[in-house]
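Have a look at the structure below, then the notes.
Just so it is clear: chains get the letters A, B, ... in the order the sequence lines come, proteins before strands, and each one is counted from 1.
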Amino acid sequence: EATSNLRPTAREKMSLKSERRGIHVDQSELLCKKGCGYYGNPAWQGFCSKCWREEYHKARQKQIQEDWELAERLQREEEEAFASSQSSQGAQSLTFSKFEEKKTNEKTRKVTTVKKFFSASSRVGSKKEIQEAKAPSPSINRQTSIETDRVSKEFIEFLKTFHKTGQEIYKQTKMFLESMHYKRDLSIEEQSECTQDFYQTVAERMQTRGKVPPERVEKIMDQIEKYIMTRLYKYVFCPETTDDEKKDLAIQKRIRALHWVTPQMLCVPVNEEIPEVSDMVVKAITDIIEMDSKRVPRDKLACITKCSKHIFNAIKVTKNEPASADDFLPTLIYIVLKGNPPRLQSNIQYITRFCNPSRLMTGEDGYYFTNLCCAVAFIEKLDAQSLNLSQEDFDRYMSGQTSPRKQESENWSPDACLGVKQMYKNLDLLSQLNERQERIMNEAKKLEKDLIDWTDGIAKEVQDIVEKYPLEIKPPNQSLAAIDSENVENDKLPPPLQPQVYAG
Amino acid sequence: MAAAGGGGAAAARAYSFKVVLLGEGCVGKTSLVLRYCENKFNDKHITTLQASFLTKKLNIGGKRVNLAIWDTAGQERFHALGPIYYRDSNGAILVYDITDEDSFQKVKNWVKELRKMLGNEICLCIVGNKIDLEKERHVSIQEAESYAESVGAKHYHTSAKQNKGIEELFLDLCKRMIETAQVDERAKGNGSSQPGATRRGVQIIDDEPQAQSGGGGCCSSG
């Protein structure tokens with residue numbers, strides 16, 4: 001209330017300023033519709049700030065009253081459903097349809113779960129419509145998707161374990177969702193404020209009134225966040241009233257323009273040539289891209305955390321020591337540049353506005369989220385100096401005239417996929433091999449020639465020597481039998497002994 | 001939040017503090033926190049995956065404290081991102097290398113910025129690390145200490161290598177942050193309760209009952 005009272009006065013000042021600038025405005029058009037004599041303002045439907053406050057207050061009171069009535073009715077209904085669900089155990093359908101469910105016999109229950117699921121949800125929808133038609137408040141056309149149905153079911157199942165407190169929480173959550181429906185026209189900041197207030201009051205009530213231990217409060221808060229944000233996502237993610245989309249496109253364009261940034265320029269302490277590391281880099285990129293597909297802020301945060309863990313692993317494998325922020329931030333920037341995650345700004349804004357603040361402020365997830373914000377801020381403001389480049393080089397790369405890789409005489413583009421890069425590498429290797437092969441062939445031929453020359457040389461040398469010192473072999477002039485022919489005194493030797501036979 | 005209920009009930013509660021770690025590249029920030037949270041130094045077998053976000057649970061005179069230590073990228077090119085990091089922090093540890101005059105100048109820059117952004121709410125600690133290299137000292141003790149005093153910060157001498165002065169640094173910082181939080185609480189208790197105001201400030205939450213309650217000193221766990 002206090003804030004809504006303050007805001008019109010601030011706006012009043014602004015509008016007065018703008019009216020002074022405007023010239024062609026009829027005096028009567030400017031006055032308050034109620035005729036109090038003060039100036040009115042189209043932003044307050046033609047009332048002056050004071051009358052508008054009164055009107056607005058009345059309408060709000062009425063609306064609050066209606067919200068209460070609706071909530072109480074829902075609560076009654078819920079209690080009935082709750083009671084009936086405890087009597088019939090094992091039934092899988094939503095609590096709303098318990099009565100119908102009971103009437104159906106066993107055979108119809110055996111239809112496939114998918115069918116059953118749809119029939120249950122459609123019944124819920126129709127019942128809601130009837131009920132809202134009767135209600136004095138304007139009806140809410142809640143489109144039930146499979147996911148929201150599943151989440152509601154899980155939420156109710158989860159709360160059942162908390163009995164009375166669970167019922168109380170369900171009632172409050174329902175009430176909040178109803179009230180948010182009426183606040184759709186408010187600015188996104190106000191809607192965010194309401195959601196944050198809701199988180200705070202619910203958590204507080206659980207602790208003080210419900211005497212729920214803190215770790216359980218945290219669990220319940222996670223479930224509440226999941227439940228309400230699955231439903232609100234459609235209306236509060238990248239809303240038309242903000243320039244979130246414009247910012248998304250701007251950062252996307254910026255990242256595309258920076259495609260030439262190399263890990264070396266950012267001093268990224270990750271060596272992608274190690275297969276394990278490049279694998280983790282790919283995983284980190286996948287995680288950060290996946291963030292956009294989640295609806296619940298906490299799930300989006302979990303994607304950032306997963307991405308960060310992969311980055312830490314990559315650093316750890318490369319450097320073999322625990323990563324500090326000095327290592328982590330540049331790598332995260334590199335991952336964001338490589339991945340160009342969709343709707344980056346919208347996702348950051350959405351998490352900031354609608355995440356349970358206790359998680360965002362102090363926890364580990366909050367730390368990684370802050371780093372992501374830093375990475376985006378860095379990318380937005382990045383200049384020649386922050387990459388250690390000269391202004392001329394930076395300008396040339398930005399305009400696409402040259403690419404830093406080309407200067408390094410590598411003939412493939414930095415964007416080429418891994419396969420193509422590998423191919424180029426292999427081609428390079430092959431040509432090197434070819435060169436070596438040729439060299440070896442040449443060497444071999446040379447060796448062969450050398451060998452031939454050598455044998456020829458030797459033969460020639462031998463020939464020369466032979467010619468120089470011809471070998472004369474004199475034929476033998478005495479036979480071997482006359483070996484002792486020169487012995488002159490042979491005749492003087494006694495005759496050789498004759499063999500004698502001895503008898504006996 | 002329940003904090004508005006008054007300081008008396010605070011005994012059963014735990015304080016959650018965010019502390020940012022600032023300092024140039026090679027001043028030993030990482031070694032400092034790893035020594036404090038894991039009692040490790042340059043260990044080749046460190047299983048810790050990262051040293052950029054670490055937590056520590058303390059018990060100071062019966063008051064439970066959950067400390068979250070946020071490391072920040074110290075490179076010059078990331079200097080402008082500082083405010084994103086130290087938003088909502090209760091304390092800041094500014095580390096310089098006593099052998100590196102330049103790193104002390106950087107600390108001075110950060111101090112200016114922190115005071116500008118967060119005023120006097122934040123507890124500042126200026127830390128001269130690597131006192132094991134006393135022989136190569138380039139930043140005079142007197143200069144550093146008188147500077148710290150002039151900006152309302154406290155000065156500490158540490159060595160992550162020899163595990164000197166680190167426990168004292170964190171213990172002292174926690175005590176100061178508790179004091180600041182208590183003053184804050186009392187101020188809020190006196191004034192009308194403002195919902196939403198506490199949300200962005202100090203988070204005071206009930207601690208899990210299983211937390212140990214050591215006598216006087218501080219007991220550490222993960």
Side-chain angles (χ1 to χ4, degrees), chain A residues 2-3 193 196-197 199-201 203-204 207-208 212-218 265-267 305 308-309 311-313 315-316 320-330 332-333 357-358 360-368 370-378 381-383 385-388, chain B residues 1-2 5 13-14 16-18 21 23-26 29-31 33-34 38 40 42-44 46-55 66 68-89 194-196 198-201 203 205-210:
Chain A
T3 49
E193 196 72 15
Q196 303 284 353
D197 283 342
Y199 285 137
Q200 205 187 336
T201 38
E204 218 177 278
Q207 275 176 5
T208 51
V212 183
E215 66 268 19
R216 273 178 129 189
V217 169
E218 214 165 278
M265 290 175 190
L266 289 167
C267 305
T305 303
S308 306
K309 295 273 151 99
I311 290 174
F312 287 137
N313 268 313
I315 296 170
K316 175 115 198 199
N320 202 20
E321 61 181 40
S324 69
D326 293 351
D327 304 323
F328 175 58
L329 184 63
L332 183 66
I333 291 167
S358 69
L360 212 53
M361 291 297 173
T362 43
E364 194 175 2
D365 291 342
Y367 178 73
Y368 302 136
T370 304
N371 272 285
L372 181 64
C373 295
C374 284
V376 171
F378 181 80
K381 293 190 186 116
L382 180 155
D383 57 15
Q385 206 188 351
S386 45
L387 292 175
N388 288 333
Chain B
M1 195 171 261
R13 297 177 185 287
S16 276
F17 293 129
K18 170 180 163 183
L21 196 60
E24 223 192 351
C26 301
K29 282 183 299 174
T30 315
S31 302
V33 276
L34 271 181
E38 315 250 322
K40 280 171 183 157
N42 256 356
D43 192 342
K44 283 282 167 243
I46 287 182
T47 49
T48 325
L49 183 59
Q50 48 94 8
S52 54
F53 177 86
L54 291 168
T55 56
N66 294 328
I69 304 165
W70 290 39
D71 190 12
T72 63
Q75 295 96 316
E76 186 58 44
R77 61 171 83 175
F78 300 129
H79 189 88
L81 304 173
I84 307 178
Y85 276 119
Y86 46 68
R87 184 169 56 194
D88 292 313
S89 49
Q194 307 155 282
T198 47
R199 197 170 62 222
R200 314 259 181 226
Q203 302 270 324
I205 46 165
D206 282 312
D207 195 21
E208 52 246 84
Q210 46 105 48

* To do: Please look at Y199(A) and chain B and tell me whether the side chain, the backbone, both or neither of the residue comes under 4.5 angstrom of a heavy atom of that chain.
  => neither

* To do: Pick whichever of V33(B), L54(B), I84(B) has the most heavy-atom pairs under 4.5 Å with chain A.
  => I84(B)

* To do: Would you name the heavy atoms of S324(A) and S52(B) that are closest together and state the gap between them?
  => C-CB, 4.0 Å

* To do: State which residues pass ring pair (Phe, Tyr, Trp, His ring centres under 6.0 Å) with F378(A); sequence neighbours excluded, sorted by chain then number.
  => F78(B)

* Asked: For chain B, which of S308(A), A323(A), C373(A), C267(A) has the most heavy-atom pairs under 4.5 Å?
  -> A323(A)

* Asked: Going by the angle between their ring planes, with limits at 30° and 60°, are Y367(A) and W70(B) parallel, tilted or perpendicular?
  -> perpendicular

* Taking C-beta and beyond as the side chain, do D71(B) and F328(A) meet within less than 4.5 Å on heavy atoms? -> no

* Structure fact -> Residues P322(A) and L34(B): closest non-hydrogen pair is CG-CD1, 3.7 Å

* Structure fact -> Contacts of D383(A) meeting side-chain hydrogen bond (donor to acceptor under 3.5 Å, both in side chains) (sequence neighbours excluded), chain-then-number -> S386(A)

* Straight-line distance of T370(A) OG1 to K18(B) NZ, nearest 0.5 Å -> 5.5 Å

* To do: Tell me, for L266(A) versus chain B, whether the close heavy atoms (under 4.5 Å) come from the side chain, the backbone, both or neither.
  => both

* To do: Answer whether the closest heavy-atom distance between the side chains of Q75(B) and P330(A) falls below 4.5 Å.
  => yes

* Hey, are the side chains of Q50(B) and I315(A) touching, using non-hydrogen atoms and a 4.5 Å cut-off? -> no

* With a 4.5 angstrom heavy-atom cut-off, which part of L382(A) approaches chain B: side chain, backbone, both or neither? -> neither

* Flag if over 12 foreign heavy atoms under 6.0 Å of CZ, R77(B) -> yes

* Heavy atoms, side chains only, cut-off 4.5 Å: are Y85(B) and L329(A) in contact? -> yes

* Checking heavy atoms, do the side chain of T30(B), its backbone, both or neither come under 4.5 Å from chain A? -> side chain

* To do: Answer yes or no: is there a side-chain heavy-atom contact under 4.5 Å between E364(A) and T55(B)?
  => no

* For D326(A) and T72(B), which heavy atoms make the closest approach, and how far apart are they? -> OD1-O, 3.5 Å

* To do: Please flag which part of K309(A) lies under 4.5 Å from any non-hydrogen atom of chain B: side chain, backbone, both or neither.
  => both

